[in-house]
Each structure stands twice: as C-alpha cells, then as structure tokens.
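Note sheet for the following structure.
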Amino acid sequence: MILSRSVQYMNNDKVFQMDFGKVYGLLLDKAARKGRTKAEVDEVICWLTGYGPEQLETFRSSGLCYGDFFRSAPQPNPNRALIKGVVCGVRVEEVEDPLMREIRYLDKLIDELAKGKPMEKILRKEESAMWVCPKCGRSFKSREQSHYCGKPPETIEAYIAAQPEEAQDYLRQINAAIKASIPEAREKISWSMPTYWKGRNLIQFAASKRHVGLYPGPEAVEAFAARLTEYKTSKGTIQLPYSKPLPLELIGEIAKWCEETPE
C-alpha cells in the first residue's frame, strides 16, 4: 500500500483487518502533503466504491475494518478495471486476490492524486469500458469478461457450478482435498471466492481462465516453496494450471498447515 512501505509485506488478512478510519487518515495526509484536498480524496473513494461522503465520515469512527469497507461497497465502479500501473512495486492489474486488488486500485488512484494528475484523468472520464454485458448491464474492459450476473453464489458448490464446465472438476477436487484436510473449518464465500474459515480466513481458491488460484497466504507459500517449484507463485498465491494434474495431497497439507499455524 502507499501508506507505508512495510505494509506491502503484511499478510493480506492483516491489511484487511486494519481500521478504516486510520487508513483514511493516512490517505488524507498523503494527498494534503501534495496540496490536494479532502474533497478530492472523497471524490476518488466514492467514485471507486459507490459510497457517499457522509458514509465515509461515519465509517471513520465506526471501527469498520478496511477489508469490510471494500467487501460492502455498494456500487464498485465498472471502469475501475481501467486502472493500471505500478504502486509500491506492484502492478495493480496483476494482483490475483480480488479484495487486495480493490485496495491496490485505491492506492493507485491516491498516488495519481498526490502526483498532481487531473481529476478527470484519475476518474477515467476520458476512457470507456469496451464491453457491456447484455444480461446485467455491467461494463468491462475485456469483451466477454467472466463475471456474475445477478446475485453472487452463496455456497462453494454454487460457485463451482457457475464456472466454465472445463474448470468445475478441478475446483471440486481442490475443494474436496481442502475439506478432507480441515473438516472443522467452515465453508463460506468471502469476496466472491470459496473460503475455509476458522476464526479467520484459512485458505481460499478461485477459478481463472487458465488456472485455479489457491490463496493460502504468503507464509504458507514460503513454507512449501521447495515443493512448489513446478508452479507459478507470488505473495500468498499458487497457480494450479488446468494443463497439469492437481497435487491434491500437497493441497491438503497446505490447508492443514494454514489451520495449525497461528497468525
């Protein structure tokens, strides 16, 4: 995040649990140091999330965590997919965790604001999304962008059933391996991803075009690095391509490690 160099190395869950009021204050300070105003910061945040300025003021003292602020966003702007570039060494459009990607979008917008970029450029008013879904009316930069039309799935099985047929078997195998390894964890959908929870998010997974993303956190990826050399990894993410057999035993071990290892 732009707030502190050290924050970018924090576990995603720790970033998500940060107090919104504290983060909001840091965003205001960064913009103010470069001569930008609170009204401009609020306009950027409201454009991105769909909240109103009055709601932002309420959230400042509500104790709302940063992750829930984005999870509950009433109307995420469809043109946020047009936000590209690097902030704190991270290319925002390549962030795989959907919730962290939303946070990086805001990082990037505030960074542009602090660098003096005109508001119409920051809010992508001179750009337009390339494709509008004929079913739900949402706009996306990529034509035929995969997304949910209507109500998001409420269960892991509903999530899997909504994915392309060629991905469903992989997802069910991964889900079965995780469930067998940590049977006491609760299944839920968190930030549109299948999630196993036990006092905290233990492990998540999600379908992508060419692979399934497994999200056990950066510590787990580091702990199993020697056994993950065949797979593309990044901070907290393991890519399991559809072109390879799934390492189901390893997936189960990683899930168990996540359950047994304290934060």
Side-chain angles (χ1 to χ4, degrees), residues 1-3 7-8 12 15-16 18 20 23-24 26-28 30-31 36 38-53 55-56 59 64-152 189-193 204 206-209 213 215 234 237:
M1 293 173 63
I2 60 175
L3 313 176
V7 172
Q8 65 177 306
N12 283 6
V15 176
F16 302 156
M18 291 175 68
F20 169 77
V23 177
Y24 180 75
L26 293 171
L27 296 174
L28 291 177
K30 180 178 178 66
R36 307 306 289 255
K38 177 181 182 297
E40 289 177 312
V41 172
D42 285 355
E43 185 177 359
V44 165
I45 298 175
C46 293
W47 176 89
L48 181 66
T49 63
Y51 289 116
Q55 291 174 292
L56 301 187
F59 293 153
L64 180 72
C65 72
Y66 205 35
D68 284 347
F69 173 77
F70 284 97
R71 291 186 185 101
S72 302
Q75 192 173 356
N77 196 300
N79 275 4
R80 71 194 190 286
L82 300 174
I83 301 170
K84 296 183 181 294
V86 176
V87 59
C88 283
V90 176
R91 183 160 290 280
V92 295
E93 66 270 24
E94 296 178 359
V95 175
E96 288 212 14
D97 185 309
L99 182 55
M100 182 56 72
R101 191 185 313 127
E102 299 297 322
I103 290 172
R104 293 299 187 189
Y105 282 153
L106 182 55
D107 286 346
K108 181 61 177 172
L109 295 180
I110 298 298
D111 195 44
E112 292 176 352
L113 186 68
K115 290 179 178 179
K117 195 170 184 178
M119 189 63 74
E120 64 271 13
K121 295 277 191 180
I122 296 172
L123 305 186
R124 276 56 181 174
K125 291 183 178 180
E126 296 185 358
E127 302 178 80
S128 60
M130 292 173 57
W131 178 69
V132 177
C133 175
K135 294 181 181 179
C136 66
R138 293 171 61 192
S139 300
F140 299 90
K141 186 172 183 182
S142 300
R143 187 170 183 81
E144 306 296 341
Q145 171 71 44
S146 175
H147 67 285
Y148 295 116
C149 286
K151 189 177 180 181
I189 299 295
S190 178
W191 200 245
S192 299
M193 289 192 294
Q204 298 174 291
S208 293
K209 188 173 182 179
Y215 306 101
S234 58
T237 303

Test salt bridge (charged side-chain N to carboxylate O under 4.0 Å, His left out) applied to Asp97 - qualifying residues, sequence neighbours left out
none

Value for CD1 (Ile189) from CD (Gln204), rounded to nearest 0.5 Å, stands at 9.5 Å

Note: Glu94-Arg104 ion pair, threshold 4.0 Å (strictly below):
no

Where do Asp42 and Pro53 come nearest, in terms of heavy atoms and distance?
OD2-CB, 4.4 Å

Considering non-hydrogen atoms only, spot the tightest contact between Cys65 and Arg71 and give its length.
SG-NH1, 4.5 Å

Val41 side chain reached by Leu56 side chain, heavy atoms, under 4.5 Å:
no

I need the single residue from Leu48, Leu123, Val92 that forms a side chain to side chain contact (heavy atoms under 4.5 Å, CB included) with Arg80. Which is it?
Leu48

Nearest heavy atoms of Gly52 and Cys46, plus distance in Å:
C-SG, 3.6 Å

Roughly how far apart are Glu112 CD and Ile110 CD1, rounded to 0.5 Å?
9.5 Å

Step-by-step side-chain contact (heavy atoms from CB on, under 4.5 Å) determination, Val95 to Tyr105
CA-CA 10 Å; Val95 175; Tyr105 282 153; over 6 Å; no

Are Asp111 and Lys117 side-chain neighbours, meaning at least one heavy-atom pair lies under 4.5 Å?
no

Note: Glu96 and Arg101 closest approach over all heavy atoms is O-NH2, 3.1 Å

In chain order, what residues pass the side-chain hydrogen bond (donor to acceptor under 3.5 Å, both in side chains) check against Lys209, with sequence neighbours excluded?
none

Distance-only, no hydrogens or angles: does the Tyr215 side chain make a donor-acceptor pair with backbone N or O of Ala206 under 3.5 Å?
no

Who are the side-chain hydrogen bond (donor to acceptor under 3.5 Å, both in side chains) partners of Glu93, not counting sequence neighbours?
Arg91

Which pair of non-hydrogen atoms, one from Gly67 and one from Leu99, has the smallest distance, and what is that distance?
O-CD1, 3.8 Å

With a 4.5 Å limit on heavy-atom distance, are the side chains of Leu109 and Ile45 in contact?
no

Ignoring hydrogens, what is the shortest heavy-atom contact between Tyr51 and Phe69? Give both atom names and the distance.
OH-O, 2.6 Å

Look up atom CE in Met18 and atom CG in Leu26, then write down how far apart they are to the nearest 0.5 Å.
6.5 Å

Ignoring hydrogens and geometry, is there a side-chain-to-backbone donor-acceptor pair from Arg124 to Ile122 under 3.5 Å?
yes

Could you tell me the separation between the OG atom of Ser190 and the CZ atom of Phe16, rounded to the nearest 0.5 Å?
8.0 Å

Quick one: list whatever passes ring-ring contact (aromatic ring centres under 6.0 Å, His included) with Tyr24, sequence neighbours left out.
Phe20

Can you list every pair that meets ring-ring contact (aromatic ring centres under 6.0 Å, His included) and has a residue in residues 70-94, with sequence neighbours left out?
Tyr66-Phe70

Among residues at least two apart in sequence or on other chains, which ones pass salt bridge (charged side-chain N to carboxylate O under 4.0 Å, His left out) with Glu40?
Arg36

